[in-house]
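Written below as C-alpha cells is the structure these notes are about.
In what follows, every heavy atom counts, from backbone to side chain, and hydrogens, waters and symmetry copies are set aside. Protein chains get the first letters and strands the later ones, always in sequence-line order, with residue 1 at the start of each.
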Amino acid sequence: MRELSKNDRWMGLIEEFENEDFSAWPEAAEAFHMRGVGYLHLKDAPKAERDLKEAVERDPEEGFFWYNLAETCHALLKDDARALDAYRKAFELEDNFGWMPAAAAVKAVNILLYQVRNDEALDILRRYRDEDMEKLPPYWRFHILRAYARTYAAQGREAEARVKFRQALIVESTV
Amino acid sequence: MRNELIKPIITAAVLCVAFSGCATRPLPLYAGTGKVDITPAQPVISAEGQSFRLPDNTPPEKRTPLGNVHDPLYARVVVLKNKDVSFAIVSADLMLFSSKRVIDEARKRWSIEHVILSATHTHSGMVPRGLCPTAGGWEWRSAEADPGELLNWPALSEDPWYAETEDKIIAAIGEAAGNLFPARLAAGKGTYESIYLGHNRRLIRPAHGVVPRSVITLWDNPTRMPTTPSDPTVGVIRIEDEARKPRAFMVHYACHPISMMGSSMITADFPGAMTDYIERQLGDSCMAMFLQGAAGDINPYETNMRGAYGLNMTRQAGIALAKAALGVSENLPSPEEPKAVVQVKESMLDIADREGNKSSAACVASVVINRDLALVAMPGEIFVQHQLNLSERSLIPNTFLLGIAYCGLGSPFLNYIPTAQAVEEGGYGATQFSFVAADAGDRMVDAAVAAIDELVGE
C-alpha cells in the first residue's frame, strides 16, 4: 500500500484496498489516510472525507492527516470553514519549515483573505520571520513571501506589501 | 459596388479648429462643482456581469439583482470660467458616456462653451445602449459610413436611465455654473508605484528557438512583475477658494477599473474608493474627481475579483491612490492669486480605419491653463505609450491625457487606439476591438502637441 501511495498509483491503490477494513491493522490511521488521499486524487469527495476523518480521529497529532482532510474540504467539498480549521491544525502540529506547514499556511491565508480576516492571516504568517526565510525551500519561500505581500496589500499596508512582492519576485527568478 | 459607396479617404491632418481663450494675461478665475448620483434605480445589466445596458424587458433572472449595487455611481462636474473662456469637465462613473445633448444643453442653458465628458471607465458601471461599437449598437467595420455620423443619438435617450442621467448631468453642470467662486488652481504630478494598479496587460514573449515572438493580452500579473510601457504618474489638480480651502481635487491616473469586472456588481471600482477617501480627508465642501488617463493597455494587477476580498482590494487600491495624490498635493504651493489664463482648442482629425477604406472624424480637445496644466481629451481607449509620448513632447509640465473623453464633435468613441508597434504585435486592443489606422494615436498626439504649441505661442 505504501509503495502504491509513494508512486502516486491512486487508482491501483483504490482498486486493491477499496473494500479493505483497516480497523484491525496495526497502522490503521496511516492506511485510512493513504486510501483517503487516493479518493482525494480521484475526486471522490464522500469517500475521501470518510477515510480522512477516520485517520485524524485515530491519530489527531498527525499534521499530514489534517492537511489532506483540509484539501478535501477545500477542493472537493467547497467547505472553507472546515478547510480552514483543518489547515490551521495541520500548520500548528508541524512546527517546522517543511513544505506541508508552508502549504497549509498559504492556503489558510488565502481563505482568510477571501473572508477579509486579514489580521488572522498575518498571525499565521508570523512563524516565517525574515531571518527564518532561508530555512524554507525556495518554492515555498516564494509563496510565503507572496502571501505576506497579499496580506499587507489587503490591510492597506502598501509599502510593506511592495517590499514582500519584490522579495518574492527575486526568489521566483531562482525557482 | 460597396467601394463606390465609400467616400474617399481624407488624410488631411486637421480638418477644422475651434479655439477660445486668446488672452495671455491671467484673468480672474471662477470655479464651481457639481456632483450627482447616477446609480440606476433598475440596474439593467446582465446578471453574468457584463456592463452593457440591456433592454428594459430583459427578464429578471438575466438582470443584475437590485442588491448588487455596492456603491453609488456619480457624475462629477467642475466648471472653470474666466472672462474669455468657460469650460466644464464631467467625470462619470460609467464604462463609457457620451452625449451630444448634454454638451448642447450646457452651452444653451448655462453658457458653457466647452465640455469634456469623460468616463472613469468602471466596468462595473454601464455602457449606454447603442454607444459601444462592440456591444451590438454599431460597429466600425460593418458601418457604411462614419460611425460618429451614423450614431443614433436620440435613440440612446430611449433608455430611461440614460435620458435621466443626461438630465442629471445637465443639472449638475448648471449647479456648478451657478455656484462659482473665485478659484486658485494648482497642478502637479508625482511618481507612484502602486502595488494594486497600473501594469501593462500585454505580455510580449520574445522569440525562443523555433517559437516565434508572441503576445499574451489581458494578462494578470499577481506577482507584480514590472512591465513596460506603463506610466506610474499620478497627476493632481487642486482648486481652492479665496480662503485657500480645497473645493475640488482631481486625480489623473491611467488604469482600467476592472477589479470587479464580471461580478454583476455595480460599483465605481477603485476610482470610487479613491474619491470617497479624498472627500473624507478634505471635507464635504471638497469634491474629488477621477480623470481616466491612457489606460488602453493598463490593468490592475488583480482583475475580475469577487466577493468581500475583491471589494476590499478595490477599496485599498483606491485609498492607496488617494494617499499618493494627497502626497503630491502637499508639495503644491497655493497660487498667489485666483487668476488664470485658460485656453481651449478643439482639433478635428479625420481618422482612417485599419483597412484604409473609410474614416471617422475625431476631436482632440486641448485645454491649457496658466502654461502649467494641459488637459488633452481623446475619444477612445488610448494605449499608455501615447500618454508617455504626449507628456514628453508637451511644453506644459503637467500634461494629462484623458482617454474615453468626448467633447461633442466627431465620433464619441473610437475603441482602442493602440501604437503602431502594438498593431504589429497583435492581440486584444491592437488587432481585436481596434479599428483605426495604426498611426491614429500618433496623429492624435501630434494634433495635441501642435494645439498646445499654438496655445502657448510657440
Once you leave out hydrogens and angles, what donor-acceptor pairs under 3.5 Å do chain B and chain A share?
from	atom 1	to	atom 2	distance (Å)
B:Tyr192	OH	A:Glu158	OE1	3.1
B:Tyr192	OH	A:Glu158	OE2	2.8
B:Glu193	O	A:Arg162	NE	3.2
B:Glu193	O	A:Arg162	NH2	2.5
B:Ile195	N	A:Glu158	OE2	3.0
B:Tyr196	OH	A:Ala153	O	2.7
B:Tyr309	OH	A:Arg150	NH2	3.0
B:Asn312	ND2	A:Ala154	O	3.0
B:Gln316	NE2	A:Ala154	O	3.2

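- B:Val236 is listed as a side-chain neighbour of B:Phe249, based on a closest heavy-atom distance under 4.5 Å.
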Residues A:Leu145, A:Met133; criterion side-chain contact (heavy atoms from CB on, under 4.5 Å); working and verdict: CA-CA 9 Å; A:Leu145 285 167; A:Met133 280 295 179; 3.9 Å; yes
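- Considering every non-hydrogen atom in both B:Ile298 and B:Ala294, the closest pair reads CG1-O, 4.2 Å.
- Smallest separation of non-hydrogen atoms from A:Ile111 and A:Ala83: CD1-CB, 4.1 Å.
- Of residues 283-292 of chain B, not one residue has a non-hydrogen atom less than 4.5 Å from any non-hydrogen atom of chain A.
- Here the side chain of B:Ser329 pairs no donor or acceptor atom with the backbone of B:Ala325 at under 3.5 angstrom.
- At a 4.5 Å heavy-atom cutoff, the contact between A:Ala153 and chain B is made by backbone and side-chain atoms alike.
- Heavy atoms only, all atoms of each residue included: A:Ala168 and A:Phe142 are closest at O-CD1, 3.2 Å.
- When the side chain to side chain donor-acceptor pair (under 3.5 Å) test is applied to B:Thr267, the partners found at least two apart in sequence or on another chain are B:Asp71.
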B:His252/B:Lys189 under side-chain contact (heavy atoms from CB on, under 4.5 Å): CA gap, chis, key distance, verdict: CA-CA 9 Å; B:His252 176 260; B:Lys189 63 186 179 183; over 6 Å; no
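- Of the residues considered (B:Pro222, B:Ala308, B:Ala317, B:Ala320), B:Pro222 shows the highest number of contacts with chain A, using heavy-atom pairs under 4.5 Å.
- The backbone N or O of B:Pro229 sits less than 3.5 Å from a side-chain atom of B:Asn200, completing a donor-acceptor pair.
- Both the backbone and the side chain of A:Leu113 come within contact range of chain B, each with at least one heavy atom under 4.5 Å from a heavy atom of that chain.
- The closest side-chain heavy-atom distance from B:Ser124 to B:Pro257 is not below 4.5 Å.
- Scanning for side-chain contact (heavy atoms from CB on, under 4.5 Å) contacts around B:Ala422 gives B:Arg202, B:Phe383, B:Pro418, B:Thr419, B:Glu425, B:Ala430, with sequence neighbours left out.
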